[in-house]
Amino acid sequence: MKEPLSLAVIQMVSQAEVSANLVVARRLLEQAAERGARLAVLPENFACMGHPDLASLARAEHAGHGPILPWLRQTARDLGLWVVAGTLPLPPDDRPGDKPRACSLLVDDRGERVARYDKLHLFDVDVVDNRRRYRESDDYAAGDQVVVADTPVGRLGMTVCYDVRFPELYGALRAQGAELISVPAAFTAVTGAAHWHVLIRARAIETQCVMLAAAQGGVHPGPRETFGHSAIVDPWGSVLAEQAQGEAVLVAERDESAQAQVRQSMPVQAHRRISVACAVTRAHLSE
Ligand SMILES: O=C(O)CNC(=O)[C@H](CS)NC(=O)CCC(=O)C(=O)O
């Protein structure tokens with residue numbers, strides 16, 4: 001018998017203080033490891049929601065003085081767990097003076113960094129909630145790369161939150177062989193209620209990938225309310241596990257033969273008539 005490939009999605013209600021969020025994240029990752037997970041996905045901004053000075057935090061992390069990266073390496077190593085570290089603010093590796101990006105890091109079970117994905121689509125949107133206006137580009141610059149990485153649970157495509165509204169990114173990930181797709185998120189309560197489930201299930205169905213959607217779900221400083229409903233969705237679009245609000249650990253097994261069956265019986269990748277050129281446009285990059 002092959003060892004099961006268990007996947008975990010962590011839901012949090014992160015606050016402004018980094019150290020307190022890291023204590024919570026550690027406890028939830030421990031639960032994921034105890035339940036047999038090989039890879040776990042943390043939500044967007046797991047370590048800081050409503051942090052007053054993201055630029056300084058990003059600079060400190062890049063310089064190796066921040067609290068988050070050493071914590072991440074240590075936790076992954078202690079628990080023997082691959083971790084998708086939701087997002088944290090980091091400048092580009094080779095340009096530490098640049099504006100931070102919303103960076104999703106993949107670390108392996110020895111705590112080594114395996115991949116870095118910088119959120120491509122920034123949430124500059126007017127929403128009818130108590131904040132009304134989101135301008136993510138005030139704090140962050142956009143990424144410029146599509147990223148897949150091989151893990152023991154399969155080939156992972158990396159995305160973040162608002163990206164989930166841009167199916168061509170997911171098509172590019174499928175074309176690059178993705179079998180699982182991570183979506184750390186902090187959807188607003190308003191847009192989440194209207195669109196979240198449709199979007200994550202549609203991306204699962206279109207790509208025939210497992211969607212690992214790790215959300216923030218509750219009330220944060222601001223105040224700001226996030227939708228939650230973290231979920232693991234299988235390649236047929238079925239929701240295998242879900243949590244509406246509050247801290248949670250979701251675990252599900254990757255069924256490789258079921259995924260192969262879906263892809264074989266409905267070969268959408270072979271049927272594709274329109275291929276979208278997979279060049280990331282730089283036109284929207286700020287600065
Ligand atoms: O700013 C932070 O503290 C954390 N980052 C976020 O919350 C990000 C950028 S503001 N949120 C989204 O992308 C929401 C997308 C969304 O809600 C939708 O597409 O409807």
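In this text, all values refer to a predicted model and were calculated from it rather than measured experimentally. Each ligand, and each atom within it, is numbered from 1 in the order the structure gives. The first residue of the sequence shown is numbered 1, and numbering continues consecutively from there.
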**Prompt:** Just by distance, do the side chain of D118 and the backbone of R101 share a donor-acceptor pair under 3.5 Å?
**Reply:** no
Only pairs under 3.5 Å count here: list side-chain donor-acceptor contacts from residues 31-40, not counting sequence neighbours, and write none if there are none.
from	atom 1	to	atom 2	distance (Å)
R35	NH1	V249	O	3.0

**Asked** How close do L156 and S182 get, heavy atom to heavy atom, and via which atoms?
**Response** CD1-N, 3.8 Å
**Message:** Tell me which pairs pass side-chain hydrogen bond (donor to acceptor under 3.5 Å, both in side chains) where either residue lies in residues 200-215, with sequence neighbours left out.
**Reply:** R174-Q208, R203-E206
**Message:** Could you work out, with salt bridge (Lys or Arg N to Asp or Glu O under 4.0 Å) as the rule, every residue matching D93, not counting sequence neighbours?
**Reply:** R113, R116
**Request:** Would you name the heavy atoms of G246 and V13 that are closest together and state the gap between them?
**Result:** CA-CG2, 3.8 Å
**Message:** With a 4.0 Å heavy-atom cut-off, what residues sit around ligand 1?
**Reply:** E44, N45, M49, K119, F123, E136, C161, Y162, R165, A186, F187, T188, T191, R224
